Structures are given as structure tokens and as C-alpha cells.
Amino acid sequence: METCTLVSMSILLSVLVRWGVSLNSYSGAGKPPMFGDYEAQRHWQEVTYNLPIQEWYFNTTENDLNYWGLDYPPLTAFHSLLCAHVAKLINPEWVELLGSRGYESPAHKLFMRATVLAADLLVYIPAVVLYCCYLTNGSTNKKVGTLLCILLYPGLILIDYGHFQYNGLSLGLALWGVLGLGLGWDTLGSLAFSLALNYKQMELYHALPFFCYLLGKCARQGLTGRGLFSLVKIAVTVLVTFALCWLPFLSDPEQALQVLRRIFPVARGLFEDKVANAWCSLNVMIKIRSILSSDSQFYLSFVVTLLAIAPSSLKLLKTPTFWQFKLALVNSSLAFFLFSYQVHEKSILLPALPVCLLLNDLPLVAILFLQVSTFSMLPLLLKDSLLMPYAVTSLAFLVFSTHLLSALERCTEAQLRLDGYRKLTAWLPACLPRLDLARIIRWKFYISVVMMVCLSVASVVLLPPVGLPDLFPVLVSAFSFLHFLGTFVYFNIVQLSMPQGKQKTK
Amino acid sequence: MAAPVECSRWFPALALGVSLLKCLFINAYHSTDFEVHRNWLAITHSLPVSRWYYENTSEWTLDYPPLFAWFEYGLSQAAVHFDRDMLVVGNLNHASPATVLFQRLSVIFADLVFIYAVKECCGTVREEKGAKELLRRPCFVLAVLLLWNFGLLIVDHIHFQYNGFLFGFLLLSVARHLQSRHLEGALLFSIVLNLKHINLYVAPAYGIYLLRCFCFTQDNTDGSLRWRSFSPFRLLSLGAIVLSVTAASFGPFIAMGQLPQVLSRLFPFKRGLCHAYWAPNIWALYNVLDKALSMLGVRLGVLDVDSLPKASMTGGLVQEFQHAVLPSVSPSMALLCTLLSMLPALWRVWLRPCGGRGFLRCLVLCALGSFMFSWHVHEKAILMAVLPLSVLAVESREDAGIFLVLATTGHYSLFPLLFTPAEFPIKVLLMLLFTLYSFTALRKLFSSEGSLLHPLEALYLLGLVAVEILCEVVFPLSPWQRTLPFIPLLVTSVYCALGVSYSFVRLYISHLTQEVTEKPKRL
């Protein structure tokens, strides 16, 4: 069948699934006084539409920052403003200043869901399609299979269309950046990525690989000649993009500082709720937050994060290939997720995006990671009563991705990029056992899937013991943390052990 | 015929995929049919059998045959564990989350019958030798066309009904006939007949075919009937099967002397010629012709406005449609038309059966004929023709072309069933998905035999896009929305009626002129 038809059918199917999920509940539905992220997004529309731009990030009588104050960079605010204008056309009540707080109606839900879909259709989905068509290897069917799997990744669908956020927009812009770099249009790529950074500050998780890749590439061209020229071109693009996004706030330094204070709320503490990262997992044994002062917590996490991203970034700087870049994106964003300050459980979507891009190259590991990343958000999804869509999309993703990408067949040691281990064992004394890594990884896959199913069922069905009300969320996050850590180590090994001669250019 | 062995890899994936998709629609809009089935659960669970067909607390009285009532009784045993309140007859319009979950899941699980039937149907598809790419194999295409059928998905899993389960039995009985396991086929058909009496539409095809090809064991060399080969034993065994199933279903009610009451519930002739949303059949065209003539008459001064009946076509609010110019149609007239429309097809099967495929084509024609001419037809009944036709479509180019026209128009005519804004994207996306697939897959399947559609047919089908945009985008914004709200329904059903009638005629011609390809039966 023609590629075109297959691609359009994949898109149609993924949009169908997205809309099917969006029929379900959203975060904070019918839960006054604070509601949830859905109300936050609606509130931002109200604020940006009714207040002058100078008051958006300030606490005033009409803008109570304690009630979902704007804490994303300017581009998010502009996007809200755009949505608000459309909302005003349909029903002015939706964005009425103060009067619209906690507004909920089926029509409004439909509108909000439609804005998410519109953003996805314009930014995220085209980027995925282009990536699969131009930057993956293999036959047409393989490409379409990868496309379908990336589009059906449950984590993103559930958070955007269930819980309610616009991650498709920031991740989509970042993906356009990746696409630009992959196709050799470095300026356009850095433009797209700057926009992503200006949409969500969490995109900083991806920033270092972009920086290292571009710098490394320019250095390779010679920092005195052509390389310098491209470097200047990229720098100017980034600066101009930032300046344009921040233009309204640049007139007064206090404005810009206030925006920065809102975007990076250092005072909020090392972590909140149950996150599958190092600090929260460590907290089960050592109560870090009571031992260390808030400042030292910040420095500790800063140093550890820096140490964790250093190897992959340096390697990328030395060998700026696209393959290295993709791996570095995973390693950097995972390092940030695991060790940085103030991480949310939804931030796992940031490492998930580059892992999606590796679905075709390292299917088994990628599928397991994506599955665990969705699973790590289970407590959140249960709170939003999204159990059914969670179960359906996860199961579908598990079955179809392993099927379409033939993940279980494609996992010899060479295909897992672990040939380094063979060489290593050749040096070791013969008495040490030589492990069959491929088999271990396959069994780890089966066991993890079974454990995820068991834990999911247990969190839904069983009541936690009286003394331990958070038992299941803690188990979920600890289990996910171990997986993320394992994946982090694995991808670092793959990136660092990549022999010089066998790099893939694409 | 080696398909079942190779199916094992992709078939479960297809079935699982569509089942998961169905689960996503659990929270979608559901029509009053949801309450209908909840009410039936309550009736069968909490009342004695003797009260089932007399109970009328709800306006949605039990009007399916007894076997279906027993099916609801079986479901109600599981429903107890979800929400007891749904089983109280007086709890009208009870739709707690647990009730919704249970009812939706019951449809999804009942569809297992359908999935099994599709697997059996795929096994009967004739395939050319030589391994081809999976996406170009007829049995794969057929599995997708049936499992992912647009109509079934929206009618069962959004609108809410148990058609998948019922068509499962019908398709399974068709598959058994194609496999020459006639007694099983007859058993399955009598079961489905006792589950939903709408299957009476296709009963003539079964009757004639079984009599001709099963009760007569041999043909003459030219394929005509050999009268002396009649086997009374086979006739008796068929009769025994049909009668015993019917007795099991209706027996208790006959014993209680309730048969007239049951029958009056099953055949409510008090309802009008056309259902609320006009099905795209002959009567839709007839009504519109009448309306047009009366308007013309008034304009020319031939008719007096005051003498015309007052009924306006307000899209279903008026049950009885009174014709102004053309003669009104009575139920018996409609029945006569239906029978007449079936006769030539049946006669042809009697003369030259052409094996299982001839029977299947006759079955589709009976279903279509009754869809075209019957009294109070639901638009959903088109599925009874579309689904069996899928089996034929993957085997011959001619049928594939007819299938594309019929399925596309038939499916589009289901659009008014889902009128809520939230479900609008779902129906459009699903329709695009299914149509895109059926066009590409069938075209690929017969790529060596030229194009499937005449340019005019393609133009007509493209017109559906225009109709959709006019009806659901332009019209709601226009001033007529208030004064003439029935226009979109009218346009939809009239436009689709043209396509359905065209497919009916074309299928009829191909059935009557078909060459005898199969060898006469010799035993």
C-alpha cells in the first residue's frame, strides 16, 4: 500500500485515540476551590486577556498569584492570549475577569480539548511525521510502524488529553529543533528550540545537547573560519528569538526579573509529591529535606546533575554526530529528571521524547522505558480518574510497539549496542561467568511488564495498610526510579562506548 | 484455505486493537437505546417470565424475541456485581458510572462472537497461491473491513446496541454455509432469528438456498435441479433444528398463552413508514417526491394549501407521514413491495444456485431489498447488507466496486445518529479511516483489473463531502437553522438513498447475469 495512505491512516488513528482519551475527565474536574491544571490553563487565558501585559506576572488585586499564577515563560502566556481571543468569540463568560474562576461546562471542555488538538495537529504531529520519513532507517513499513508507535505513546496522550496540558506544543517545538539539526538546517533548528525554551522552561533539560552538538559541529568546521560564522549565525538567531519573546518585559528590569522569579521558583523545595527521581527515592531511607538546609539541597542537586550530564555532553562535544546527539538528549534529560531540583512527575515526558526517537534503533529498551514512564504517572492518572484510558492506551502501546517493531526479535547484543561488553569479557579471567546480556534484557522486559501490571492492579484494587497510606505511590515511584536509573546507565554506556568507526550518520 | 494457520499472528492484534479502541468510547455519548437495554436488564432480572412482555413502566418495552430476553437475563446475573440499582424496573434513566461501564463492557465482550465469526469468514476466502505482502492479502483485508467496520463501531459502541453480537451469529452461519456445514449454519441462523427478528429479512434467502442445495442432493449436468434427488431426511433434520430453537425461545410464552401479546410487541405496525431519521431508501425518495409535487401544485395553483395535511417533516417528531399528492403507503403495501423485490433474486438461486457465493449475494439482495421497501426501516439496518457484502468484495472486482458505493453511502447515512459536538470528530475520523482503508486496500487487491469505480460514481461519493460540509458546517450558521431544522436530515437521506438504490440495482444486475462458474454438484 502507498506510504501516503499508511501515513495518513496512522495520523487519523492517533488523532482518533487522542480524541477518545479527551472524552474522559481532566485534572481537578469539579473539585473546588483550587481545581487543577485545566483550571490553571483557563485562568491564564482569563488573566492574559483582561490584564495589561505588565501585570501578568505580578501579584495585584486582580491577579492573585496564589491562585494558579502564571509560572511559564512568555510564549505560554501568548498562547493563552491567543486561545482567550478565540474563547471570547465563542462565549465571553469563559474568560471573564474573576467571574470565570472555576468555570466548567461541557462546551468549555470541548473548546479546551480542541485547542490541545489544534496545537498537536499544527506542531507535534507534523514534526513526528517528518522525523519518521526523513530521519529513520529501514523499509517503508518500518518507518510507518515507528511513526504509529511514537504517535501512540500513551504518556503524552494521557497528560495532554486527559490530565490537560500543552506538552505537545513544547515537545513538538523541541522536535522541530531536532529535525532541523538532523536535516542540517542548524539555524532553523535552533530557532525552533529557542521557541520551545520560551514555551516551557523545562526544555532546559534538552538544552545542553543542543548547545554541545552545535558548538562541536562549529568547532569541527574550524573556529576561526566557517565554523565561527555559523556559530555567530546561530547565536544571533537564538538571541533575536529570545529578545522577541521577551520584548514586552525588557523595558523594565524589574519586569524581566519577576518573570524569571516566577519561572524558577527556587523556594519550592527539592521535590514535591511522589516523583520517581533520586531525591524522592532516597527520601524513603534518608529524610534529606530535614537534614540539609534549603540552600545546600539546591547546591547538592546542582552538582550531582552537573556530574551526571558531564560525560555524555563532553562526548557529544567531541563527536558531534546526529546519533550521539539523540543519545545525549536522552542522557541529559534523564539526568535532569533524576537529579535536578524541583522535578514534577510529568517531567518524565521530556526524556520520553528522545527515547521515542530511538524506538526504531533500540526497540526493546525504548519500549520498556516508555511503558515505565507512563506507569510512573499512575498515581496522578488515578487521581484524575483516567484509569480506563491509561489501561487501554498502555496495553495497546505495549502490544503494538513490540509487534510492529519486532522488538523481542531484534535484541541480540549487537542490536542492543552492547558489543563493548563482549570485548570487555575477553580480557577478564575465564573463571568469571559471561552473561548473556540479550537474554537478561529480554527477561527483564517480561518481569518488568508483569510487575507493572501487578502494581497497577494493586493500586487500583487494594486498600493500603492503615500505617502506610502512601504505600502504592511509593512503590510505583521506587520501581520507576530503578528503571530510569538503569536506562540512564544503559544509554550512557551505549553513548560512551560507541566506537569511533561505527557511528551512524543519520 | 490455509489462512487460519497464518492468521494466528495478525488476527489477534487486529481484534485486540479494535477492542481497545471500543474501550476508549466508554464515556462517549449514548442514545436512548442505552436506557432501553438497561430497562430490559431490569425487567428480565426482577420480574417473572410471565410478566416480561406485559411490563410497561418504561416506554421502552421489551420488543425483541425471547431468546434475546434470555441473553439480557444472563447479562443481568453479571450486572448484579456492578450496580444493583440498574436492575430496578422503576429506576428510569439510571446511568451511574458503574452501569455505563457494565453495559459498555457487555457490548465489547459480546463482540467476541463477532470476532470469532470474522475469523471463520476469513478462513473461507479463496486466496491465490504465493505469499504476498500481508497488507495485500484478501483475508487480511476482509478482517479489517469487518472488525473495524465504521457502522458497527459507532452504532454499537457509541450509540449503543448489540449488533456486533447479533451479526456475529449471522456471519458465522454464513461462514458455515460457505464451508458446506449446512446444519450448523441453519442452527446458527435460527438462533439469530430468535435473537432479533429483523433477520426475517434474509430468511427467504436461507429458506430457498437450503431447500435447493441441501435438501436436493444432486444437480443435472447443466446445473439445473434434479427433482429426484430430494432427500426427505435432510428436510426433516433442518425442520427439527429450526423448530426446536424456536420452541425453546417461544415455547414458554405459547404455553402461557401470551403469543399474541409477544407478537404485538415484536411487530409494532403502529409506527410510521419511516423511522425518526429517515433511512435512505425508496420511501425517503417517495416522501420527498410527494413534498416536491405538493409544493409545485401549490405554486401552480392546482392544489389548495388548506386542503393539504398539516404534517410537516420535522425529522421524526411526526410518526405518521401523510402524503399530499401520492397515494399513502400501508404496511401491507410495503410488505408486498419487499417480497416482490426479493423474488427475482430467489428465483435465480433456485434455478442456478452458484454455490455459497450465489447464496451470499442473494442474502445481501434480500437484506437490501427489505431495507429499500420495508415499513419503518432503521438506518442501522444497512449494516445487514454491508457486512456480508464485505465477504464478496474481497473476491471479485465487480462486488468490490458495489461495496465501495454501498458502504460509503450507507455509513454516511449513519452520521445523524451522532449529533453531539464531542462525538463529531470521532465519527468523521473513523469514517475517514475506514473509507480510506477500504478504497486503498480494495484497489490494491484488484490493481491488475482496472479501476473499481466509474468516474461518475467517484464524483457522487465525493459529493458526500460537500453534503457533510453543507449539513454540519454551513447550515447551522444559516438562518434556515431555526425555520427549517429538518433540512440536513432530509438532504442526507435523499442523497444517500440515491447511492443505496444504485448499488441495489447494480448488485441485482450482477446477480442475475452472473456466469455459472462453479461446477454442478455431484454426489
Side-chain angles (χ1 to χ4, degrees), chain A residues 1-26 90 106-111 113-114 117-118 121 139-141 144 148 152 154 157-158 161-162 385-404 406, chain B residues 9-30 97 100-101 104-105 108 132-137 140-141 144 148 150 153-154 157-158 420-445 447:
Chain A
M1 215 179 310
E2 292 100 327
T3 322
C4 198
T5 321
L6 286 175
V7 169
S8 359
M9 281 178 45
S10 309
I11 296 174
L12 284 173
L13 188 64
S14 67
V15 176
L16 185 67
V17 170
R18 282 167 161 71
W19 197 259
V21 171
S22 83
L23 296 174
N24 289 282
S25 173
Y26 48 82
I90 304 173
H108 186 247
K109 180 182 166 190
L110 200 62
F111 164 73
R113 299 294 201 198
L117 185 63
L121 283 175
S139 65
T140 308
N141 284 357
V144 175
L148 192 60
L152 288 184
I157 299 183
L158 289 169
Y161 291 82
S385 49
L386 291 168
L387 173 65
M388 185 51 105
Y390 161 75
V392 168
T393 49
S394 304
L395 190 58
F397 182 75
L398 181 67
V399 172
F400 285 94
S401 54
T402 41
H403 201 87
L404 285 173
S406 18
Chain B
R9 257 183 75 79
W10 51 265
F11 191 85
L14 272 183
L16 181 73
V18 77
S19 302
L20 290 174
L21 188 66
K22 292 166 185 173
C23 291
L24 273 187
F25 300 148
I26 285 179
N27 282 327
Y29 150 85
H30 50 78
V100 174
L101 183 69
R104 292 285 199 197
L105 286 181
I108 293 167
K132 269 191 291 183
E133 191 196 348
L134 177 64
L135 299 178
R136 296 182 62 171
R137 286 180 42 194
F140 179 82
V141 175
V144 180
W148 288 73
F150 165 79
L153 280 176
I154 71 159
H157 301 279
I158 300 180
T420 44
E423 279 69 26
F424 176 75
I426 293 185
K427 70 176 177 183
V428 173
L429 289 168
L430 258 180
M431 176 81 182
L432 282 178
L433 199 60
F434 182 80
T435 314
L436 190 64
Y437 180 79
S438 53
F439 272 74
T440 348
L442 289 175
R443 205 170 58 206
K444 275 283 163 191
L445 220 48
S447 53

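Values in this document were obtained by computation on a predicted structure and should not be read as measured data. By convention in this document, chain letters (A, B, ...) are assigned in the order of the sequence lines, proteins followed by strands, and residues within each chain are numbered from 1.
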Inset, instruction - Using salt bridge (charged side-chain N to carboxylate O under 4.0 Å, His left out) as the criterion, list what pairs up with A:Arg113, not counting sequence neighbours. - result: none

To the nearest 0.5 Å, tell me how far [X] [atom1] sits from [Y] [atom2].
X: A:Leu16; Y: B:Leu153; atom1: CG; atom2: CG; result: 9.0 Å
X: B:Leu16; Y: A:Leu395; atom1: CG; atom2: CG; result: 5.5 Å
X: B:Leu24; Y: A:Trp19; atom1: CG; atom2: CH2; result: 13.5 Å
X: B:Arg443; Y: A:Thr5; atom1: CZ; atom2: OG1; result: 7.0 Å
X: B:Leu429; Y: A:Arg18; atom1: CG; atom2: CZ; result: 11.5 Å
X: A:Ile11; Y: B:Leu432; atom1: CD1; atom2: CG; result: 12.0 Å

Legend entry - Minimum heavy-atom distance B:Cys23-A:Val392, with the two atoms named: CB-CG2, 3.4 Å

Legend entry - Where B:Leu433 and A:Met9 come nearest, the two heavy atoms and their spacing: CD1-O, 3.5 Å

Inset, instruction - Below 4.5 Å from any heavy atom of chain A, which atoms of B:Leu430 appear? Answer side chain, backbone, both or neither. - result: both

Legend entry - Segment of B:Leu20 engaging chain A (4.5 angstrom heavy-atom cut-off): both

Legend entry - Heavy-atom side-chain proximity of A:Met388 to B:Asn27 below 4.5 angstrom: no

Inset, instruction - Would you check if A:Leu110 and B:Phe424 make a side-chain contact, meaning some heavy-atom pair closer than 4.5 Å? - result: no

Inset, instruction - Tell me, with the steps shown, if B:Trp148 and A:Leu13 meet side chain to side chain contact (heavy atoms under 4.5 Å, CB included). - result: CA-CA 12 Å; B:Trp148 288 73; A:Leu13 188 64; 4.0 Å; yes

Inset, instruction - Could you tell me which of B:Ser447, B:Ala28, B:Gly17, B:Ala422 has the largest number of non-hydrogen atom pairs under 4.5 Å with chain A? - result: B:Ala422

